[in-house]
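Note sheet for the following structure.
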Amino acid sequence: MTEWPGGHRYAATLSFDFDAEEVWIGENPAHASAPGILSQGAYGPRVGVPLILNLLERTGIRGTFYVSGKDAIRHPDSVRNIIAAGHEVAHHGHSHTSPTALRRTEEELELSLGLETLRSLGAEVVGYRSPSWEFTEHTLDLLVAAGFEYSSNLLDHILPYRHASHDLVEVPVSWLLDDAPHFWFANDTWEKTIRSTREVLEVWLPEIDGIAALGGHVMLTAHPMISGRPSRLAMLETVIGHLADTGAWIATTREVADYERENGPLSLTIGDNR
Ligand SMILES: [Zn+2]
């Protein structure tokens, strides 16, 4: 069974995809001249991030923020505040473009420009989360060549693991524990119902309990423009309380990846008490 640090029965990471204006431009380049649409993203750094930083400080948690280079250029003080508060900052593309839409040289340039931008703001960047949680056949090669230590993109486990072909730890994600599938709303999604925080907690908490019972790792993915709304901050606080009450080791993605690197391969507790 998995042995997590300090005798904790499972692990959890609160990750935040910073996604300000750039995610909307990535959705559709025409949005670059649509201030109303872009303002949905601007809510993140203007309101969501300060409130999230306050919540994390009050609860004594360090999280991981995935930031695209162009959003960091627009909101440098927001990124500096995240770093100053002791959180991890990691790479989320330079523009918010899926690598699958890029040629190899373009993908390489996205990685180097994003790294340069985040480092210029003082971030020590070792992790990569693609804007689409998607890879190309070149991505792992490019990540290793650029010195990344972990990726947080694939959806194939509830434990961190080492890529077989590359010296890179994968810290998996899931749509279920992402706020966007439950709450994402835009001017082209009028048919969609915005879920209540109660409904989302009904989805999240049993999944967290299930992962806990298996000794796995909970990767929660939230977006400041989505979960930085007041009602959803209260939801996040409920989740944090639940993680603490049920014995989670709450750590940054980097810490989880480092733990795998030093102690892996990790395995689940599958229905026995050995
Ligand atoms: Zn994103």
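We're numbering straight along the sequence, starting at 1. In each ligand, atom 1 is the first atom listed, and ligand 1 is the first ligand listed. FYI, side chains are in, hydrogens and waters are out, and symmetry mates aren't considered; it's all heavy atoms of this structure.
Cation-pi contact between Arg254 and Tyr150: absent, since separation from the ring centre below 6.0 Å together with deviation from the ring axis within 45° is not met.
A salt bridge links Glu237 with Arg58: the closest approach of a Lys/Arg side-chain nitrogen to an acidic carboxylate oxygen falls below 4.0 angstrom. Classification of Glu170 and Arg162 as a salt-bridged pair fails, no side-chain N sitting under 4.0 Å from a carboxylate O.
Residue side and main chain included, Glu22 places no N/O/S atom under 2.8 Å of the Zn ion (ligand 1). With a cut-off of 2.8 Å, the Zn ion (ligand 1) has an N, O or S atom of His96 in range.
Between the Zn ion (ligand 1) and the N, O or S atoms of His92, the shortest distance is to NE2.
Each of Thr253, Asp17, Thr64 was scored for a side-chain hydrogen bond (donor to acceptor under 3.5 Å, both in side chains) with Arg129, with one residue passing: Asp17.
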